[in-house]
Every structure is written in C-alpha cells, then in structure tokens.
Visitor: 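Before anything else, here's the structure in question.
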Amino acid sequence: MPELPEVEVTRLSFADRIKDAQIVSVRMGKPLRWPLGCDVDLLHGRWVRGVRRRGKYLLLDLDEGLLLLHLGMSGSLAFSDATSAPGAHDHFDMVTTQGTLRLHDPRRFGAVVFAAEQTSSVVQKLLGHLGVEPLTEAFELRAFHAGLRTRSAPIKQVLLAGDLVVGVGNIYASEALFMAGIRPTTRASKIGLERAGRLHRAIQDVLRRAVQQGGSTLRDFSNAQGQTGYFQLEAMVYGRENQPCRTCGTPIQSIRQGQRATYFCPQCQKP
DNA sequence: AAAAGCCCCTGGATGC
DNA sequence: TGCATCCAGGGGCTTT
C-alpha cells in the first residue's frame, strides 16, 4: 500500500503529537522483516525529537539514536488506546508520554529497526542507495534525464527501483507515466529531454495531489488518526483494466512487469 | 554496473 | 461450504 504519499500522510498524522514525547515502553509482536536490533529496554526513557521521511522510510530521531520504520505492503500506524490489547497483527507498540503508537501489519513486510547513530551501517544499508527525493529542490530535471539515459530497463521499473528517484511505487508509477504520455515499457534510455520533463513534472504533480488527498486507500490504509485516503478515486489508469480511458475512451490495458501489474492507455501513452 | 528473478508473509477474491 | 489458486501497494538479496 504505502508509497511516498501514504508514508508522508502517515508522518504528518503523528509527527506533531509524538515530537518531544518520552518513550515509556516498547512491545514487539511477531518478527517483522528485520529484528529491532536492540533490546526494547534500551529504548525506554528516550525522547523522540522529531519524525522525518526518507523515501518510504520513516525516521524517528531520538535523543540518542533513531528508529527506522517501514510500512512494507500492508503496514499502518495508529494511535491506540494504551489499555487495548494488541491484535494478532499488531507487531510494534511504542507507549509514550504523548500516546501509544501502534504498527498494524498483517503481511509483516514492514520493519522497525534501531540504529545507534545516523552513520550506523544499518542506516547505510537501508538508505544509502536511495535516489533523490522527488518533492524537493534536489529533484532536478537535468540530473533526472541524465540518469534515465544510463538505464536500458523499462521506465516503469526504473521508477520503481528507487535508486534514481524515491517514493514512486506501483500505483503512482502507472499514474505518472500516464500523465506524461509515456508507455511503461519504453526503455528509460530512449526518453528524450522533453518527455523526461513531462515525467519529471508528472511525478511531482501526482505525488503532491496524492498527499493532499490523504493517499490512496485500496484495501485498508489509514493514517495514524484513522483517516483513509481518497486519491484512488482519481486514478486515471491504476486498477482500471478494460475500463475506458478517462481521456480518450480506449480500454486501459494491464500487463505484468517484474511480477507487478502495470496499467496504461495504449492510445495516450506512446512507446 | 545493471537487470532480472526470488523471496519474505497473510488475507481476500475467484474458481471449481 | 470447502479447498486450491492467484493476487496484492515493497524491496533487499542473489544470480545472470
């Protein structure tokens, strides 16, 4: 579920409340993708200084060290009643002086990892290879185009790889490529400056709009306040196989790229 | 270096 | 109703 917009919406929904909270206790449930990397007792008494986002990772800066949190495919965070017993899929509870943050993640592709410092090897391993943040000034067209030029893989998969630009997952890759009029199978290296410019704008536009809409709720995404997203209602191609293109009426096609569904309009999107 | 495939895991939808 | 199969928003790791 969670791509950049959902992760950012999640961050915005709990960052203010958790900032400057003191951790009272931490409970881990079933194993997530990786072990926490420290004893939970080590976290007790630490202060949360702020919450950042890097790609699809949430970074909780503590007075000493930080927590890297990933929602995987099915994760969501919520403030929970401190007295409510954890459900079968609640695998991380962080009780703080400002409320209890709970990670619900049925598929357990998510993760909560402690790093003693910003330069820890685990931070480097998880974040070191990430590309540029698309909603910052650092996302510059020339560099983006230059990056595309060096890749022979289909553009959809280059976007998903996250080492050129981060945060674009399966939904927003299809949507951005539709907006840019580019066929997802087009090799990245074949995209000229003009089309790269359209894609560059489309990525920023679609991600910004999705954040404004509270993200996409396909199955069960909600932010830490329990609110669902609405962007899925605006999807031009994602999940719309065989339905008429909202622009030209041609049936939307679905193909598989790298074990994932891709949707596009064969008329509006050129190879 | 880059690309392609393989998994991790559970639940819901679909088909027989 | 029961059971098998397929699919799902991610991404690190291994192999080519």
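Lettering follows sequence order; numbering is per chain, from 1.
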Visitor: Identify, with sequence neighbours excluded, every residue that meets salt bridge (Lys or Arg N to Asp or Glu O under 4.0 Å) alongside Arg52(A).
Guide: Asp61(A)

Visitor: Choose from dG10(C), dG11(B), dA8(C) the nucleotide whose nearest atom is closest to any side-chain atom of Asn170(A).
Guide: dG10(C)

Visitor: Provide, to the nearest angstrom, the distance between the CD atom belonging to Gln232(A) and the P atom belonging to dA8(C).
Guide: 17 Å

Visitor: Do the side-chain N or O atoms of Lys125(A) get closer than 4.0 angstrom to the phosphate oxygens (OP1, OP2) of dC13(C)?
Guide: yes

Visitor: Round to a whole Å and report the spacing from CD of Gln124(A) to C1' of dG12(C).
Guide: 14 Å

Visitor: If you check every side-chain atom of Leu126(A), which of dC6(B), dG12(C), dA4(B) has the closest atom?
Guide: dG12(C)

Visitor: Please check the phosphate of dG12(C) (OP1 and OP2 only) for any side-chain N or O of His70(A) closer than 4.0 Å.
Guide: no

Visitor: Does Thr150(A) have a side-chain nitrogen or oxygen under 4.0 Å from the phosphate oxygens OP1 or OP2 of dA1(B)?
Guide: no

Visitor: Please work out if Arg256(A) contacts a base, only the sugar-phosphate, or nothing of the nucleic acid, heavy-atom cut-off 4.0 Å.
Guide: sugar-phosphate

Visitor: Counting heavy atoms from C-beta on, name the nucleotide in dG12(C), dC9(B), dG11(B) closest to the side chain of Pro106(A).
Guide: dG11(B)

Visitor: Provide, to the nearest angstrom, the distance between the CG atom belonging to Asp105(A) and the P atom belonging to dG10(C).
Guide: 13 Å

Visitor: Quick one: stems involving DNA chain C, counted as three or more successive Watson-Crick or G-U pairs, both distances short of 3.5 Å.
Guide: B:2-8 with C:10-16, B:10-16 with C:2-8

